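Step one of this worksheet: look at the structure below.
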Amino acid sequence: MKRFLVAFALLSTALTVVPAQQAGASTDALRQWVSDRIVGHKSLSQGARQWLKGPPSSPRSSSSPRTPSFGTNVDAADPNEDLISGQSETAIAASGQTVVAAWNDATGFAFNDSTQAKASFTGVGFSSDGGASFQDLVGLPNPNPDQQWMGDPMAIAIDSRHFLVGGLYFPSFFTACSDGNPSTLGVAVSVGTLNGLGTNISFSSPIFVAQGGDLCAHPRPHGLALLDKPFMAYDPTSRTLAVTYTRDYLRGSGLGEVDVARAHVPAVPSSLTQGSFHNLVVWHQELFCLDGSEANQCGALNTGAYPAVAPDGKIYVAWERNIESNLFFSGDPYVYIHAAVIPRWATEPTVGGNTSPFVVTQGQVNSNSDGGVKSLDGTAIAGFSRGLGQDFPRVAFDAQIGRPIVVWNDASAHPLGDIWMRALGANLGSAASIHRVNSDGGYALHFLPAVSIRSNGKICSSWYDRRRSAPDSTETDYFGECRPNPWTQSRDYRITTGATDWSGTSSFISPNFGDYTDNASTGTTTYFIWSDGRLGVPQPFVDSNG
């Protein structure tokens, strides 16, 4: 009965229609209107949460007497430029010795004018010496006072001189809807171009990838949505760019539609435009129900999608189904890692869409018959300011074996999770067996993996890891592993030169160490980026291997 009452309340909120906000009304009211229609608050990204909630009344903080050490770990940001603590949730791209890093930056809370660089919640760093040092570029350009970069960064290299950085591009905190102009909960990118010497990079104005509709319209359109959790992948052979995101409709069930925006990058990348992108549905929003399951496809929240692109232009997407809804109202306590494939000219998945679902976790240890696994959203992770975890997958295409590789964490083997890997077939069939990535068999936390593939075919994974302390400790390191193929385990290695005690780290954004980490391979070198709190506040740290 309690589950039914909670579900009924959520459904009623999702279906309620409230008169549209008048132009010029408080942006607090605008954000509250959106917040009242979001079903999966717990699974929203760091960027979406900071837009909806604003800064907290006080940061989470404690104290730790350890003196920080750095070694080869490099802070991609300049902490002396940070006016508000909370620089976390990271992305990285590399081509040769050029490295571009991005992160969420809480300093954006301090500025009323969203056109100022410091008002960008998407921070950017640039290195021309292989990550040995970084220039903090502060933020991305934004000439539109009605919009604001809101974090959830993504970064890729197009070639040796062009990079893309992007993320959430939302209504500005203070001026949205005040001048009669449209404002949308969208996703955008900015093209970065190196100067002639390769010693600096300049970024373009925002280019919309996808939009959620005009929040300032009166009356508000029925299809309004909050777009969340964008990720990006690119293949230089086909010049195919893919950006995945979740479309959280503000009316209807609100259970999350998985979408991908596809573009062909022109020979001159700086000529990329909004019209270059074509949006496709990977997995339609499910209807609300109280007896959901993998078989009947209802009642489940879908989010956390991530793309990879093959040389023939095929787009692979992996995501998590039933996250958060497994705890409260779907009727199914398991989560499922799904995948889909969209050929270069197709307008929908040929495998993995609603009509032919594909479950990556089918056959996982301790899973149910449909491939449902125990999620880390059922574990309150000590030191993680959001509390409950998640199992969002990452995917990369291995050209050496012609297969997409999916990496994720789940709690199938023990409560604090392991990192798992599975190679799928080119059309998702003939999936290899599931292999554990982390080599330790203890009860330590393994969380938020990233994966990329080197030119020689080595598959490099990285993740947060607590094996060097007790299972009940918040002391956290970042670990990695590079294996020759999906089924041959290699030695894990510690990437961090100093651990973070997340219970003793101050941050004005939540979750304090973000929703994801990242790595990127160029040639036979892999660059890693993660949120690190050894300075007492979260910072984006970088190191490399190979």
Side-chain angles (χ1 to χ4, degrees), residues 91-95 98 100-102 122 124 140 149 152-169 186-194 201 203-211 227-247 258-282 305-319 339-349 394-399 404-405 450-453 516 518-522:
I92 197 164
S95 178
T98 305
V100 174
T122 304
V124 184
L140 292 173
W149 287 108
D152 272 24
M154 48 185 181
I156 59 165
I158 296 296
D159 53 40
S160 61
R161 304 200 68 81
H162 297 92
F163 291 75
L164 287 182
V165 174
L168 299 181
Y169 192 50
V187 173
V189 294
S190 181
V191 181
T193 304
L194 269 67
I201 189 170
F203 284 91
S204 71
S205 294
I207 302 164
F208 269 114
V209 171
Q211 301 184 57
L227 308 190
D228 199 19
K229 290 185 171 61
F231 292 105
M232 184 162 49
Y234 175 71
D235 169 65
T237 301
S238 65
R239 301 193 69 82
T240 301
L241 173 66
V243 181
T244 52
Y245 57 93
T246 304
R247 187 178 293 268
V258 176
D259 289 355
V260 61
R262 179 173 60 196
H264 179 80
V265 177
V268 180
S270 58
S271 62
L272 186 74
T273 67
Q274 178 179 337
S276 304
F277 291 93
H278 303 279
N279 288 265
L280 314 173
V281 177
V282 179
Y306 195 87
V309 186
D312 62 0
K314 278 195 184 83
I315 298 173
Y316 298 92
V317 182
W319 72 94
V341 58
I342 305 172
R344 185 173 185 177
W345 305 114
T347 57
E348 61 183 7
R394 308 303 287 265
V395 58
F397 187 79
D398 189 337
I405 308 297
V451 66
S452 65
I453 299 175
Y516 50 87
D518 202 13
N519 72 53
S521 293
T522 174

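Numbering starts at 1 and runs along the sequence shown. The model shown is predicted, which means the values in this text are computed figures rather than measured ones. Quick note: numbers below take in every heavy atom, side chains included, and nothing from hydrogens, waters or symmetry partners.
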Within-4.5 Å side-chain heavy-atom neighbours: Thr98 and Phe163:
yes
Can a donor-acceptor pair be found, under 3.5 Å and without considering hydrogens, that links the side chain of Ser204 to the backbone of Val191?
yes
Would you call Val189 and Val165 a side-chain contact if the rule is heavy atoms closer than 4.5 Å?
no
Are Pro266 and Leu272 side-chain neighbours, meaning at least one heavy-atom pair lies under 4.5 Å?
yes
For a 4.5 angstrom cut-off between non-hydrogen side-chain atoms, does Asp159 reach Pro269?
yes
SB check Lys314 Asp235 (cutoff 4.0 Å)
no
Side chains of Ser452 and Asn519: donor-acceptor distance under 3.5 Å anywhere?
yes
How many angstroms lie between atom OG1 of Thr193 and atom CD1 of Ile201, to the nearest 0.5 angstrom?
7.0 Å
Which residues pass the side chain to side chain contact (heavy atoms under 4.5 Å, CB included) test with Pro236, not counting sequence neighbours?
Tyr234
So do the side chains of Arg262 and Ile342 get within less than 4.5 Å of each other, counting heavy atoms only?
yes
Measuring centre to centre across the rings, with the benzene-like ring taken for any Trp, is Tyr306 within less than 6.0 Å of Tyr516?
no
Under the rule for salt bridge (Lys or Arg N to Asp or Glu O under 4.0 Å), what residues qualify as partners of Asp259, not counting sequence neighbours?
Arg247
Derivation of the side-chain contact (heavy atoms from CB on, under 4.5 Å) call for Leu168 and Val187
CA-CA 5 Å; Leu168 299 181; Val187 173; 4.3 Å; yes
So do the side chains of Asp312 and Phe397 get within less than 4.5 Å of each other, counting heavy atoms only?
no
Can you tell me how far CG of Leu241 sits from OG of Ser276, rounded to the nearest 0.5 angstrom?
9.0 Å
Side chain Arg394, main chain Ala450, donor-acceptor under 3.5 Å
no
Could you report the tightest heavy-atom contact between Pro349 and Val281, atom names first, then the distance?
CD-O, 3.6 Å
Looking only at heavy atoms, the pair that brings Gly167 and Met154 closest together is N-CE, 3.8 Å
Check the pair Val395, Val317 against side-chain contact (heavy atoms from CB on, under 4.5 Å), reporting the backbone distance first and the verdict last.
CA-CA 7 Å; Val395 58; Val317 182; over 6 Å; no
Out of curiosity, Tyr245 OH to Asn279 CG, how far, rounded to the nearest 0.5 Å?
3.5 Å
Would you call Thr244 and Val282 a side-chain contact if the rule is heavy atoms closer than 4.5 Å?
no
May I ask you to decide if Ser238's main-chain N or O and Arg344's side chain share a donor-acceptor pair within less than 3.5 Å?
yes
Is the shortest side-chain heavy-atom distance between Ile156 and Ile158 below 4.5 Å?
yes
Hits for side chain to side chain contact (heavy atoms under 4.5 Å, CB included) against Pro206, two or more places apart or cross-chain, chain-then-number order -> Asn142, Pro143, Trp149, Tyr169, Ala188
Minimum heavy-atom separation for Ala94 and Ala520, please, with both atom names.
N-CB, 4.3 Å
